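Below is one structure, written out as structure tokens, with a few remarks after it.
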Amino acid sequence: MGLQARLDERKRLGLFRSMSVARNNSRVLNLASNDYLNLAMDSRLQSAGIEALRQYGCSSSASPLVTGYGPVHKELKQTLCRWHDFPNGLVWNSGYAANQAVLSLLPQKGDLVLADRLNHNSILYGVLRSGARLIRYRHADLDHLEALLADHCNERRNIFVTTESVFSMNGDWPDLRRIAKLKERYDFFWILDEAHALGWYGDRGQGLANELGVDGQVDLLVGTMGKSLGSQGAYTLFRYDCIGDYLVNFSEEFIYSTYLSPASAAIAIEAVAIIQSSVSLRRQGRKISKDIRHSLRGMGFSVAEGDSSIVSIVIGDAKKTMQAGRLLDSRGILVGSIRPPTVPKETSRLRMSLKATIASEDIERLLAAFEQVAKEFV
Ligand SMILES: Cc1ncc(COP(=O)(O)O)c(C=O)c1O
């Protein structure tokens with residue numbers, strides 16, 4: 001099919017995507033961006049960025065293997081290792097690049113990767129590049145994962161298990177304690193993407209594995225800095241030095257790209273310091289999440305239990321989902337309108353990225369707008 005025909009097909013199905021400049025002003029309640037702790041506009045982060053701009057300039061201006069890796073990047077890596085209690089790590093330009101590199105390079109031809117069916121695109125396409133065999137287990141279904149482990153554990157090949165903790169499009173999570181138990185029984189390498197759990201879970205905001213006491217069993221943790229941390233970029237943490245050496249030597253994403261700006265690194269360092277002590281903010285965000293879910297269920301929406309920062313309201317039909325998103329937009333509320341192929345067919349949804357700081361009058365405004373959506377679309 002030619003380019004135009006494929007675009008026309010997308011239009012016909014209500015799946016055409018286009019860009020528009022985001023409205024961001026004080027009257028708009030932006031629940032489409034992943035700034036869960038409202039740190040992106042925080043003056044302490046801004047000052048850290050400005051100071052780094054003055055000291056190190058506007059760009060790292062080179063790949064990390066040339067001169068792009070500076071003192072502030074090293075400090076960030078050390079800060080992240082201390083925060084999560086991992087001995088070693090690497091900072092990346094984005095979570096997409098980090099997942100692509102890790103999943104395409106660590107599993108090798110002959111290995112097996114067991115991956116949650118709803119894992120992020122960056123994980124899936126990373127594995128597909130690796131040449132390893134990929135089997136996707138049903139979303140968060142650990143009976144299925146265990147059955148696959150039992151079937152394949154005697155094959156004398158390396159097995160990798162990869163999952164998100166909080167799922168980006170559902171806001172739910174698998175039983176991480178059970179995965180840790182499975183790891184004791186079936187020896188596998190566990191890769192956990194905590195992109196959407198950082199800042200929200202953990203006694204110092206280190207994520208869900210920490211909160212559940214299983215972070216010690218994770219072999220490689222992926223974190224992103226463009227969400228709760230209010231910055232940009234990502235990191236991977238691991239326990240064996242050879243993993244870092246391997247990624248640095250073989251990852252094209254790492255070697256052939258200008259490194260993260262010093263300002264982004266400095267902003268992330270400041271964010272980690274703030275997040276560690278933001279205990280009451282975490283508590284508040286999780287309460288808001290529970291309350292909003294409860295209210296939405298009362299209106300007839302099907303919304304999962306839980307208290308994560310991501311609340312997904314499945315509408316089903318793609319065109320209806322876009323209309324519902326526009327209705328909220330007309331009332332000054334921005335949410336994500338998510339359609340296939342990002343989510344499975346017939347599960348188009350409104351996706352809210354909550355902020356722990358939403359004021360109670362904004363919650364009222366939000367719920368009133370959803371009453372209207374319920375009347376027209378449920
Ligand atoms: C689970 C997950 N991992 C990785 C990424 C990619 O991170 P980044 O936006 O830093 O590229 C995302 C993006 O939203 C994500 O949801």
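For clarity, every value in this text was computed on a predicted model and none was experimentally measured. For ligands, and for the atoms within them, numbers begin at 1 and follow the listed sequence.
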Show me the donor-acceptor pairs within less than 3.5 Å that the side chains of residues 91-98 make with the rest of the protein, sequence neighbours left out.
| unit_1 | atom_1 | unit_2 | atom_2 | d |
| --- | --- | --- | --- | --- |
| Trp92 | NE1 | Thr236 | OG1 | 2.9 |
| Asn93 | OD1 | Leu260 | N | 2.7 |
| Asn93 | ND2 | Ser257 | OG | 3.2 |
| Asn93 | ND2 | Thr258 | O | 2.8 |
| Ser94 | OG | Tyr96 | N | 3.3 |
| Ser94 | OG | Ala97 | N | 3.0 |
| Tyr96 | OH | Asn121 | OD1 | 2.4 |

(message) Gln323: which residues meet the side chain to side chain contact (heavy atoms under 4.5 Å, CB included) condition with it, sequence neighbours left out?
(response) Lys320, Arg326, Phe377
What are the polar N/O contacts of ligand 1 with the protein below 3.5 Å, with distances?
| unit_1 | atom_1 | unit_2 | atom_2 | d |
| --- | --- | --- | --- | --- |
| ligand 1 | 3 (N) | Asp193 | OD2 | 2.6 |
| ligand 1 | 9 (O) | Lys227 | NZ | 3.4 |
| ligand 1 | 10 (O) | Gly95 | N | 2.7 |
| ligand 1 | 11 (O) | Gly95 | N | 3.1 |
| ligand 1 | 11 (O) | Tyr96 | N | 2.9 |
| ligand 1 | 14 (O) | Lys227 | NZ | 3.1 |
| ligand 1 | 16 (O) | His196 | NE2 | 2.6 |

(message) For Ala62, give me all partners under side chain to side chain contact (heavy atoms under 4.5 Å, CB included), at least two apart in sequence or on another chain.
(response) Val66, Thr67
(message) Under a plain distance cut-off of 3.5 Å, with no hydrogens placed, do Ser312 and Asn170 share a side-chain donor-acceptor pair?
(response) no
(request) Answer yes or no on whether Arg239 is positioned over the face of Phe86, meaning its NZ or CZ is under 6.0 Å from the six-membered ring centre and within 45° of the axis. (result) yes
(message) Can you confirm whether Tyr240 is buried at OH, in the sense that more than 12 heavy atoms of other residues, nucleotides or ligands lie under 6.0 Å from that atom?
(response) no
